2 protein chains.
Amino acid sequence: MTTNTPYEVSVVKLGGSVGKNPAAFCRDAAELLGRGQRLVIVHGGSEHTNELAEALGHPSQFITSPSGHTSRRTDRRTLEIMQMACRGLLNQQIVEQLQGHGVRAIGLSGMDGGIWRGERKAAIRAVIDGRVTVVRDDFTGAVSEVNVILLRTLLDAGFTPVLSPPAVSFGGEPINVDADRAAAMTAAALGARNLLLLSNVPGLLAKFPDESSLIDRLPKSQIEAAQSAAQGRMKKKVLGAGEALQLGVRRVVIGDARRHSPITEALLGVGTVIE
Amino acid sequence: MTTNTPYEVSVVKLGGSVGKNPAAFCRDAAELLGRGQRLVIVHGGSEHTNELAEALGHPSQFITSPSGHTSRRTDRRTLEIMQMACRGLLNQQIVEQLQGHGVRAIGLSGMDGGIWRGERKAAIRAVIDGRVTVVRDDFTGAVSEVNVILLRTLLDAGFTPVLSPPAVSFGGEPINVDADRAAAMTAAALGARNLLLLSNVPGLLAKFPDESSLIDRLPKSQIEAAQSAAQGRMKKKVLGAGEALQLGVRRVVIGDARRHSPITEALLGVGTVIE
């Protein structure tokens with residue numbers, strides 16, 4: 001982490017599946033920026049990657065760790081497909097829509113300017129056909145350093161960064177990273193006021209997928225319990241939320257990207273507020 | 001053009017076909033940057049685009065104007081494929097190799113931060129089956145404005161921009177632009193000392209493809225004649241060279257990207273020097 005002084009900015013993560021139709025998100029972002037808010041936007045692109053991988057005859061594979069976590073199998077070809085889908089397509093579509101609303105959006109991967117740096121996992125233990133196997137040619141890791149100076153330089157110059165995986169390893173290789181946790185590290189590094197993790201659910205649900213079981217407030221003390229109770233990708237969001245709060249972010253909201261004004265509503269506390 | 005004051009920077013265009021193996025180019029760039037040179041790198045990506053288009057079952061098409069110029073047919077899907085191939089893949093591969101040599105490289109498309117802006121051609125006249133037809137859904141144009149402030153901000157912060165098509169139209173749409181001419185406009189906007197157009201030929205050839213017929217010096221006065229004599233893509237390079245000199249660039253070198261130290265040798269005047 002480069003620095004951690006408070007900074008008037010919110011980091012917003014747009015969930016991949018909603019990234020397919022970011023119109024409401026981009027319009028809302030433009031309105032907030034027009035009111036003087038500063039945003040750093042982060043997105044993933046799992047669905048775009050899966051579709052392109054399928055079309056190119058290199059279908060996505062997922063591996064399960066002995067502890068039951070599943071993650072994308074990222075060989076070099078999968079990494080290239082991810083770069084094309086996330087950085088090449090989805091990122092530029094979001095930039096185009098934001099610019100269509102007058103936002104000075106600038107798309108960047110975690111590699112560009114070394115914005116997201118982290119350790120590449122040398123070996124991953126995976127359960128394949130019931131047996132624990134060690135995978136060594138995987139390009140995955142987690143963000144542990146954020147180039148705050150570059151982000152602030154861009155924000156101070158009036159640009160809105162739109163950040164996308166991959167990150168870059170300390171060895172200089174592109175690494176697939178979880179975008180929710182990368183957003184959390186970015187918010188922490190910027191000393192952001194808010195980290196908003198928006199996807200296609202109303203927030204953290206007590207009885208997934210029952211949307212009426214929304215947990216609207218989650219005290220810091222219950223994060224660990226919530227994390228183990230959470231399903232699938234929500235585990236990563238709760239983990240990222242905990243990391244962000246630990247590192248000084250004031251408030252994390254797990255919100256609903258499908259709403260009319262998803263960012264504004266999350267800022268107003270609609271969703272699961274963790275602080 | 002935003003501004004045109006002299007600036008200690010050279011703009012280097014790396015030809016697409018050599019972009020497939022940019023190792024020597026990136027090593028040379030790193031050495032020059034280590035010696036205090038400032039570079040802005042521009043690349044295209046025709047071959048990457050053609051290959052991806054083929055793999056995705058949307059093969060590249062080229063249209064010929066009544067005056068005999070051929071250009072890529074760029075419907076929306078082709079544009080997306082171009083974004084994936086140029087911005088997503090080739091650009092990030094060059095950034096990765098530069099960073100591997102310790103260069104603080106930052107990849108940007110012409111859309112990112114509105115670096116390259118220009119007019120989208122509302123209609124293109126094309127000769128199809130011998131008849132002149134008007135194509136209206138093409139996303140092509142030419143760069144007429146460069147965001148110099150953003151480029152200088154990045155250069156002053158120690159970053160090396162790596163720029164890739166598409167550009168963005170004044171209507172906010174991505175537009176396919178010729179990367180040689182975009183590099184020329186970029187050099188002009190920065191008031192660059194040198195514009196280096198590197199590809200897989202030694203320079204401008206009197207008797208294409210006879211490499212022994214290299215024209216090593218071309219006076220400004222002969223640019224127009226050279227342009228009409230030039231073959232295929234070389235026409236665009238000579239056109240770009242003329243535009244750059246017109247707009248204040250001191251020297252243009254059409255050089256050989258296949259050499260051991262392609263940028264250094266072009267800076268030393270190996271190739272066709274136009275000034």
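Residue numbers begin at 1 in each chain, while the letters A, B, ... track the order of the sequences. No experiment lies behind these values; they were computed from the predicted model shown.
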Top contributor to chain A interface from V95(B), I115(B), L150(B) [non-hydrogen pairs under 4.5 Å]
L150(B)
A157(A) versus chain B, heavy atoms under 4.5 Å apart: side chain, backbone, both or neither?
neither
V162(B) to A105(B) - nearest heavy-atom pair and separation:
CG2-CB, 4.2 Å
State plainly whether the residues R87(B) and D112(A) are in salt-bridge range, i.e. N to O under 4.0 Å.
yes
Max heavy-atom pair count under 4.5 Å with chain B, selected residue of M84(A), Q83(A), E173(A)
M84(A)
Any ion pair linking D180(A) and K13(A) (charged N to carboxylate O, less than 4.0 Å)?
yes
In plain terms, say whether E8(B) and R38(B) are close enough for a salt bridge, that is, a side-chain N and a carboxylate O under 4.0 Å apart.
no
Tell me, out of Q92(B), M82(B), R104(B), Q99(B), who's got the most heavy-atom pairs with chain A below 4.5 Å.
Q92(B)
E80(B) portion near chain A, given a 4.5 angstrom heavy-atom threshold
both
Electrostatic pair D178(A):R233(A) at N-O distance under 4.0 angstrom:
yes
P174(A) and P166(A) have their tightest heavy-atom pair at CB-CG, 4.0 Å
Whatever's closer than 4.5 Å to a heavy atom in chain A on I81(B) counts as neither
Assert top hit (heavy-atom pairs under 4.5 Å, partner chain A, pool G107(B), S164(B), G172(B), G57(B)) equals G107(B)
Side-chain contact, heavy-atom cut-off 4.5 Å: D138(B) with K121(B)?
no
Between A55(B) and chain A, which part of the residue has a heavy atom less than 4.5 Å away: side chain, backbone, both or neither?
both
Given heavy-atom pairs under 4.5 angstrom as the criterion, report whether the side chain, backbone, both or neither of E96(A) touches chain B.
both
